[in-house]
Amino acid sequence: GKEYFQTLGLNKEDFSFFQRLSSWATCGIRKKTVNPSIGSTEQDNNTDQHDTESQHLDVNVEVLQRQLTVEEREHIGRLCKLLIDHGRIHYLKQMGYQATLQYYTDPVVSL
């Protein structure tokens with residue numbers, strides 16, 4: 001799939017951004033919670049994924065979240081998932097498989 005994204009002019013950072021935005025298709029806004037005992041905002045504790053680059057992407061994603069409606073975010077998330085899925089199909093075809101994207105149910109029924 002890497003070559004597919006490169007042919008589209010996308011790099012590793014772009015792919016990471018699309019991955020983050022794709023979550024909007026299934027969860028809309030990523031909610032933050034305030035822990036009253038420490039008075040701060042808590043997010044994922046997965047520090048392996050949160051290096052300097054991904055923190056920069058988090059800021060960009062948060063800015064977009066504030067500017068778009070839930071419906072717009074979900075639509076963008078579905079488009080990002082579609083782009084990633086096409087990258088997967090491209091990779092499988094390069095490996096000699098006959099791959100197509102299949103939808104088994106409506107997104108209203110199952111995300």
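Both Tyr91 and Tyr97 belong to a common hydrophobic cluster when Ile, Leu, Val, Met, Phe, Trp and Tyr are linked at side-chain heavy-atom distances under 4.5 angstrom.
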Step by step, would you call Lys12 with Lys2 a side-chain contact (heavy atoms from CB on, under 4.5 Å)? CA-CA 9 Å; Lys12 182 180 177 182; Lys2 184 178 184 179; over 6 Å; no

Show your working on side-chain contact (heavy atoms from CB on, under 4.5 Å) between Leu101 and Tyr103 and close with a plain yes or no. CA-CA 7 Å; Leu101 188 57; Tyr103 295 99; 3.2 Å; yes

Show the numbers, then the answer: is there a side-chain contact (heavy atoms from CB on, under 4.5 Å) between Lys81 and Thr26? CA-CA 10 Å; Lys81 280 192 174 298; Thr26 56; 3.8 Å; yes

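Take Glu72 and apply the side chain to side chain donor-acceptor pair (under 3.5 Å) test, not counting sequence neighbours, and it matches Thr69. Applying the side chain to side chain donor-acceptor pair (under 3.5 Å) criterion to Gln102, with sequence neighbours excluded, gives Thr100. Every residue meeting the side-chain contact (heavy atoms from CB on, under 4.5 Å) condition with Phe5, not counting sequence neighbours, appears here in chain and number order: Leu10, Phe15, Leu83, Ile84. With sequence neighbours left out, the side chain to side chain donor-acceptor pair (under 3.5 Å) criterion links Asp14 to no other residue. Residues satisfying the ring-ring contact (aromatic ring centres under 6.0 Å, His included) criterion with Phe18, sequence neighbours excluded, are absent altogether.
Annotation: the span from Leu8 atom CG to His90 atom NE2 amounts to 9.0 Å, rounded to 0.5 Å. Interatomic distance, OG of Ser23 versus CZ of Arg73, reported as 10.5 Å (0.5 Å rounding). Note that the CD atom of Glu3 and the CD atom of Gln94 stand 5.5 Å from one another [nearest 0.5 Å].
By the neighbour-count criterion of 12 heavy atoms within 6.0 Å, atom OH of Tyr4 is densely surrounded, having more than that number from other residues, nucleotides or ligands.
When hydrophobic side chains of Ile, Leu, Val, Met, Phe, Trp and Tyr are connected at separations under 4.5 Å, Tyr104 ends up as a singleton with no cluster partners.
Under the 4.5 Å side-chain criterion, counting only non-hydrogen atoms from C-beta, Arg78 is not in contact with Leu82.
Closest of all the heavy-atom pairs between Trp24 and Gln65 is NE1-NE2, 3.3 Å. Between Leu21 and Cys80, the closest heavy-atom pair is CB-SG, 3.6 Å.
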